[in-house]
Structure formats: structure tokens, C-alpha cells
There are 2 protein chains.
Amino acid sequence: MSTSERLIESTRQLLWERGYVGTSPKAIQQLADAGQGSMYHHFSGKADLALAAIRRDVEQQRELAEEVLSAPGTALERISGYLLRERDVLRGCPVGRLAQDPDIIASPVLREPLEETFHWLRNRIAQVLTEGRQRGEFTREPDPAATAAVIVSVVQGGYVLARSADSTEPFDQAVTGALALLAAHC
Amino acid sequence: MSTSERLIESTRQLLWERGYVGTSPKAIQQLADAGQGSMYHHFSGKADLALAAIRRDVEQQRELAEEVLSAPGTALERISGYLLRERDVLRGCPVGRLAQDPDIIASPVLREPLEETFHWLRNRIAQVLTEGRQRGEFTREPDPAATAAVIVSVVQGGYVLARSADSTEPFDQAVTGALALLAAHC
DNA sequence: GTCTATATCGAGATAGAC
DNA sequence: GTCTATCTCGATATAGAC
């Protein structure tokens, strides 16, 4: 793996674990086994490197979501696939995590990938719900946009509860609870 | 207000805005208009001061929640009161925010107030739901514990989406969506 | 209780040699 | 492309005077 590549991957890992504010160039260099000069040759600074790392994060999250959401099956099954997907719950969401970082939110260029990703995800889930409605899968028809926001929020909020409790239990309760509420509409 | 008091309040504000990792003793002192020696006289260090601030945060959040959840009305109305309560959505939750802070989660003593608070909140909401069931307010009876986890997660996740979008819209969608799903059970 | 001095270390970068 | 040197600040305290 190239030095530039190692720097990006190390940054992804550290951003996930420690956030933007808590991640130093020095720590990135050590984890990537790259020198100071090397880092500043490939990237203009911490923010530039973070942007590259974030772009890769959101791309990956999007692929993971698309994989389950485009699977065959009913809307409920596909959303179930999203909610029950294998996750490293106690580590949290590498993308949602950044929403708490003041320097990320204060920077339009660093925040943009987050906004774009969650916007896409909500729309994608709303689309799945709309398809389900059109196929007559719901007896009570849930509002697609609002319900999609619920699904995504439950996952992001589930991470918060799980980390606070140092246990995956609240996350599991939240996703199965959301699934049960939705299933009652079928 | 006493110096000690000003230090705690300044810390609360900075923890909310910048998190634990992003908050320095120096910044706290400046905001509190207190000297270095003053801070280290009243508190043993950053962690000690943060603990005092966090304890005050969780106490306040609990009072705010109890106020709406103990109000008269049906279970749906009381939960609606919790979900629709006035919030500074773009600033996020002062307690949930800390769940993303690696140094908070790594410290049992700093994490404990978060765990305790969310544990209490989930139980309190589950209790409200159970009361509603006993009064026959639900035609389809939702699981209290799982549904309570959904309610709390939706709020915490709603903050994440709102901050990512720099807009309160996703938060509002999520809470109204959750309310609609729950209302369909009545 | 509060102040100033001092100390150590890391953050975040720039400069120029190789 | 990578390395080492250097720079300026801030983080996080401790010490001791007042």
C-alpha cells in the first residue's frame, strides 16, 4: 500500500476512534508509519487529509447500505436488512460520529459529505417504502419520508445509547422495536 | 455567582459545544473569568471539573424529561410531549453528545452518569407505555422496553441528522414519524 | 482563595537538505 | 518523495508567593 494510501486509512481509523478534534497529524503519521514531510507532501494539512478519509468513509457506508436496500424482498424485509445488518455497535458509526465534531460541522467542505450521505440514505429508504406501498405491502400506509427519518435516526441514536451503556443491548432493543412498529403496518 | 460555580457552568457550556477532548482548562478559565490557580484550587484537574459539569447536565436533563413524562394525559400525549419538547436541535444533546467522546467512554467514572441517565429515561418511558396499555389506550400493544428504546434513539439520532444537514428538518421528520408510527397503535 | 512563574509535552506546520 | 530541523502555541499541570 502506498504511503498516501496508508495515511488515508490511518486517518479513517483515528477519525472513527477519536474524532477530528482528537486526532493529531502526529498520531496519523505514526499509525501510517510515515514521516512528517511525507504527510505534508501528499496533503496540505490535517483538514485536507480528513476530507480524503471522510470521502472514503461515506462511499463505503453508502455501498453497504445500497447492498441491503437493493436486495430482493418486501420493503419490510429490505429495511430489516438495513436495521439488522452486522455492525460494530460499540465503535459507533464512522460517519454519524463526525456530526458531533465542532470543527467538522463548522467547515462547509468537511460537513458536506455527511449531509449528502444522510440525505441520500433517507431518500433511498423512503423509496423502498414507496415501492412497498405501491405493491400493497402495507395495510396502514406509513409516510415514506418521515418513516425513513425514523429508521436512520434509530440507528444513529442506538449507537449513542449503546456507547453510553457500554453495551449493545440498547441498540438491539431500538432496532427490533422500530421493526416491530413498522411491521404492525403490514 | 461563585468562582467554583462559574467554572462548572463554563465547563458545561464548553463540553456541550466542543466535547471533552476539545475543551481545554485554559478555555474554561477564560470563559469563567477565573485564574489558573483558582481552578486547580477548586478542582483537581480537567476530569474532576468535567465530572461536576456532567452531573449537573444529567440532573437537568432528567428534570426536563420528568416534567413532560409525568404530565397528565394519555401515554401517547406524554410521549408526544417528550418528543416535541422545545430543543436547541442544532446544538445537540448535552448528554448524548458525550457518548462520542473517547475519553469519556474510556473512563468508568465519567461514563457512569450517561449510562445511568439513559437507563432511567428508557425505563421511565417504558413505564408510561405500560400505564397506557393498562388503561387500554392501545389497540395493538407495543412492547414497552423496545418502544422506549426507539423513542430515545429517535431523539438522539435526530440530533445527528440535523447537525449533519445543518438543519432541523431531519429531526422534525424523525420525531413526527415516530409519533405517527406509535399513534397507529392506538 | 487567587496570583504568577515555570515545566513538559504535543499540535500543527514550514524550510530546506537529500 | 522523504527526512530532519526548527518554530510558535497551546495543553495540562505543579510550585510557591501573596
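The sequence lines fix the lettering, A, B, ..., with proteins before strands; numbering per chain opens at 1.
Applying the 4.0 Å criterion to OP1 and OP2 of D/dC3, one finds that A/H41 has every side-chain N and O outside that range. Taking side-chain N and O atoms only, A/K46 has a distance below 4.0 Å to OP1 or OP2 of C/dG12. The phosphate of D/dT2 (OP1 or OP2) has a side-chain N or O of A/T3 nearer than 4.0 angstrom.
In this structure, the NZ atom of A/K26 is 16 Å from the P atom of C/dT8, given to the nearest Å. Between the P atom of C/dA11 and the CG atom of A/L14 lies a distance of 11 Å, rounded to the nearest Å. Atom C1' of nucleotide D/dT12 and atom CG of B/D48 are separated by 14 Å, given to the nearest angstrom. A straight line from CD of B/Q29 to P of C/dG1 spans 18 Å, rounded to a whole angstrom. Here the C1' atom of nucleotide C/dA13 and the CE atom of A/M39 are 9 Å apart, to the nearest Å. Between the CD atom of B/Q30 and the P atom of C/dC3 there is a distance of 13 Å, rounded to whole Å. B/L7 has its CG atom 13 Å from the P atom of C/dG1, to the nearest Å. A/D33 has its CG atom 12 Å from the C1' atom of D/dT2, to the nearest Å.
Among the atoms of the strands shown, only primed sugar atoms or phosphate atoms (P, OP1, OP2) are found under 4.0 Å from some heavy atom of A/T23. Residue-level contact check: A/S4 touches neither bases nor backbone, having no heavy atom under 4.0 Å from any strand. Residue contacts for A/G37: at a heavy-atom cut-off of 4.0 Å it reaches a base atom on one of the strands shown.
Linking ILVMFWY residues whenever their side-chain heavy atoms come closer than 4.5 Å, directly or via other members, places B/L110 and B/W120 in the same cluster.
The A/Q36 side chain lies nearest to D/dA5 when the options are C/dG1, D/dA11, D/dA5. Nearest nucleotide to the B/Y40 side chain, out of C/dG1, D/dA13, C/dA11: D/dA13. For B/H42, the side-chain atoms get nearest to C/dG1 when compared with the rest of D/dT2, C/dG1, D/dA11.
The side-chain tip of B/R87 points at the ring of B/Y82 from less than 6.0 angstrom away and within 45° of straight on.
With no hydrogens or angles considered, a side-chain donor-acceptor pair links B/Q60 and B/R12 at under 3.5 Å. In this structure, a donor-acceptor pair under 3.5 Å is absent between the side chains of B/R91 and B/Y159.
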Residues B/R55, B/E59; criterion salt bridge (charged side-chain N to carboxylate O under 4.0 Å, His left out); working and verdict: CA-CA 6 Å; B/R55 285 194 171 139; B/E59 186 187 9; over 6 Å; no
